[in-house]
Protein chains: 2
Amino acid sequence: MTPVNLKSLAEQLHLSIATVSRALRDSHEVSEATKVRVRALATALNYEPNAYASSLRRNVSKTIGVVIPKVANHFFALAINGIEEAARQSGYHVLIYLTHDDYAREVAIVQHLKGGRVDGLLMSVASGTEDFAHIKSLKDTNLPIVFFDRVCAEVATAKVTTNDYESGYQATEHLIQSGCRTIAHLLISNNLSIGQFRQQGYLDALTAHGLPPDPDLVLNGVMDNEQNVVLIRELLQRRPDIDGIFASVERLAISAYHVCKELGRRIPEDIKIIGFSNLEAASLLDPPLSTITQPAYDIGREAAKILIRAVEKKKDILPSQSLVLNSELFQRRSTAAG
Amino acid sequence: MTPVNLKSLAEQLHLSIATVSRALRDSHEVSEATKVRVRALATALNYEPNAYASSLRRNVSKTIGVVIPKVANHFFALAINGIEEAARQSGYHVLIYLTHDDYAREVAIVQHLKGGRVDGLLMSVASGTEDFAHIKSLKDTNLPIVFFDRVCAEVATAKVTTNDYESGYQATEHLIQSGCRTIAHLLISNNLSIGQFRQQGYLDALTAHGLPPDPDLVLNGVMDNEQNVVLIRELLQRRPDIDGIFASVERLAISAYHVCKELGRRIPEDIKIIGFSNLEAASLLDPPLSTITQPAYDIGREAAKILIRAVEKKKDILPSQSLVLNSELFQRRSTAAG
DNA sequence: TTGTAAGCGTTATCAG
DNA sequence: CTGATAACGCTTACAA
């Protein structure tokens, strides 16, 4: 089967390659008559331009990369959904890379992306990442980057986040107003910026309501959920006075549910729980889980829009283009006052 | 900033482009000494080969495409996870396309992929797709395709699925053995092959246990979840004798939960429910949901492996390479015998 | 062991 | 309006 490319089209039409190319791109310097002829044959033969030749020549790939920790997580899945939507509307393709929250993988992926495979990058950094040299060096190649949710403070570019400080404050205040006095905070390990904001909101809410912050009540979760169950169990057994839990991550809230069931602690009578979550079934849990829900789809879509706009205009992305969207607190039975 | 490519490296090293290229690909026809020099400069300058130039020249993109209905669904998210893992291990990149179960989008995506952007394709067809001409025509371009879960029977290639007939049979039998006599089946609209298999399993299990199949008890769900709630509500009100529900799709099981809560039907006392689902929180629902759980991660990984193997060997993919993995039935309180 | 040069399919520049 | 031709960056015969 002879390949369908500009050359073969040109031969069959007795035209030059250049003219065929121009006709297909609807250039104004081609007669309507030839355009019709060209288009007719092209569709008849199912011609589709070779993306790589075009990318090589124009130095533009119409592709954006998405680097995220994981996809089996409703937040990131929804974000991808928003990203894909924005990309599709502008004719962009989406390459997905998963870091599994592993620093080494993130570095390898980022290095690979220097090959010009993508016109821009959307990124949510791995929780294991503490050194951002790899990202900075990528930025130095002039590749536009937009961070979303898990941002890298040290790189000057746009970031799309949610009001994490306020959410942490609200969640904690909500627990206090529901009657909690000893509130634990479960967050993901290390130095993710979002964790810090949520933690600060938690601390400030406690102080504002005259409750003394206690470092013993703050639990740094780990990657492994089994391990988190162990840690949470230890915490609840060591501190039977805990009557409220604020989980900064969905899976820690889920683990807390499992531990409470196991230890026979009733929710919300003995312990009230609220957590960040995009779980659709939150209202069907036993008991329904109060959540702080991030607008994940919008985060993805807006981040992609900012990126694509910059790519098309070949302009640098400024930190001032950052966006902060608001999360929403859904009050359900897991924090019912009692 | 002068670009880092083979040419600039060659100039700085006073070597030819060819030698540099060969050195970096670790060709045996380059002296160890030069290899060392070349590699040193390459890493120092953070050289990364231009993916498009390489793809164009070698007619290989090291990229696979994934076309799925949606990503905000734990099944597909896990599948992507498996796909990405297999791809990463073989040095492949993953392009994601979402059809949103829309036929027109699927056609547009498939047409676009004829541009040679991907070396192979993994696909789970849209529920709205009834005509497969677009897929056949893609196959005619010799692009290797592997279907997973929602397969297209009319295209001769490998398919990775689960034992849907047996699962439908088991789920229904499980309801019968738990005491149900009037069992409804909620499935997704139209002619998806997997829906048909599950439906057949349902019918055969009924017959095998002396229960007459009743078309009135089979509900074809639609895209919109709100609408599904309405349909399920109507069904349960029209047929108050229904005492068991088998949902072929997770979101229909979830909708059924909502309707039961709303109508005051107790699960499992009044109605027992079992559904296909990859929901991690199934055991925390009220009541915990009995599920048929597909090995989504493995499905994705195995499908990707078959595809990549074929791509690397430039061999056609045969239907005989198809794989059927087993789903697992998790018995929980929603189907407790009463 | 190294260099020269053709060519992948497209787009852009320059003539005609 | 159309055609010839030179890139884009890389790989790979073929020469040296």
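Each chain gets a letter, A, B and so on, in the order the sequences are listed, and its residues count up from 1.
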I'd like a table of donor-acceptor pairs (distance under 3.5 Å, sequence neighbours excluded) in which one partner is a side-chain atom from residues 80-87 of chain A, with atom names and distances.
{"residue": "Glu84(A)", "atom": "OE2", "partner": "Leu98(B)", "partner atom": "N", "Å": "3.0"}
{"residue": "Glu85(A)", "atom": "OE1", "partner": "Arg105(B)", "partner atom": "NH1", "Å": "3.4"}
{"residue": "Glu85(A)", "atom": "OE2", "partner": "Arg88(A)", "partner atom": "NH2", "Å": "3.1"}
{"residue": "Glu85(A)", "atom": "OE2", "partner": "Gln89(A)", "partner atom": "NE2", "Å": "3.1"}

On the nucleotide [N], are OP1 or OP2 found under 4.0 Å from the side-chain N or O atoms that [X] carries?
X        : N       : result
Ser16(A) : dA4(D)  : no
Tyr47(B) : dC10(D) : yes
Arg57(A) : dA7(D)  : no
Ser31(B) : dT2(C)  : yes

Residue met sooner reading DNA chain D from 5', once Thr19(B) and Ala18(A) are mapped to nucleotides: Ala18(A)
Give the rounded distance in Å between these two atoms: [atom1] of [X] and [atom2] of [N].
X        : N       : atom1 : atom2 : result
Leu15(A) : dT2(D)  : CG    : C1'   : 8 Å
Arg37(B) : dT1(C)  : CZ    : P     : 15 Å
Arg25(A) : dT10(C) : CZ    : C1'   : 9 Å
Asn50(A) : dC8(D)  : CG    : P     : 18 Å
Leu24(A) : dT10(C) : CG    : P     : 9 Å
Glu11(B) : dG9(D)  : CD    : P     : 12 Å
Tyr52(B) : dG9(D)  : OH    : C1'   : 14 Å
Lys7(A)  : dA6(C)  : NZ    : C1'   : 12 Å

What's [X] touching, base or sugar-phosphate or nothing? Going by heavy atoms closer than 4.0 Å.
X        : answer
Arg22(A) : base
Ser21(A) : base
Asn5(A)  : sugar-phosphate
Ile17(B) : base
Ser55(A) : nothing

Five-pair end axes of the helix from dT1(C)-dA16(D) to dG16(C)-dC1(D) and the angle they enclose, rounded to 10°: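 Rounded to the nearest 10 degrees, the bend comes out at 40°.
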N-O pairing of Arg37(B) and Glu32(B) below 4.0 Å: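 No, Arg37(B) and Glu32(B) are not salt-bridged.
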Any side-chain donor near an acceptor of the partner, Ser137(B) and Lys114(B), under 3.5 Å: yes
Donor-acceptor pair between His134(B) and Gln111(B) side chains, under 3.5 angstrom: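 Looking only at side-chain atoms, Gln111(B) and His134(B) do not form any donor-acceptor pair under 3.5 Å.
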Atom CG of Asn46(A): over 12 foreign heavy atoms under 6.0 Å: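 Buried by this count: over 12 neighbours within 6.0 Å.
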Non-hydrogen side-chain atoms of Asp119(B) and Val60(B) separated by less than 4.5 Å: yes
Thr157(A) side-chain N/O to Ile145(A) backbone N/O, donor-acceptor pair under 3.5 Å: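 Checked: pair present.
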Matching residue for Leu6(B) among Thr19(B), Asn50(B), Ile17(B), Val38(B) - test: side chain to side chain contact (heavy atoms under 4.5 Å, CB included): Ile17(B)
Pairwise 5' ranking along DNA chain C for Glu29(B) and Leu56(B), keeping only the more 5' one: Glu29(B)
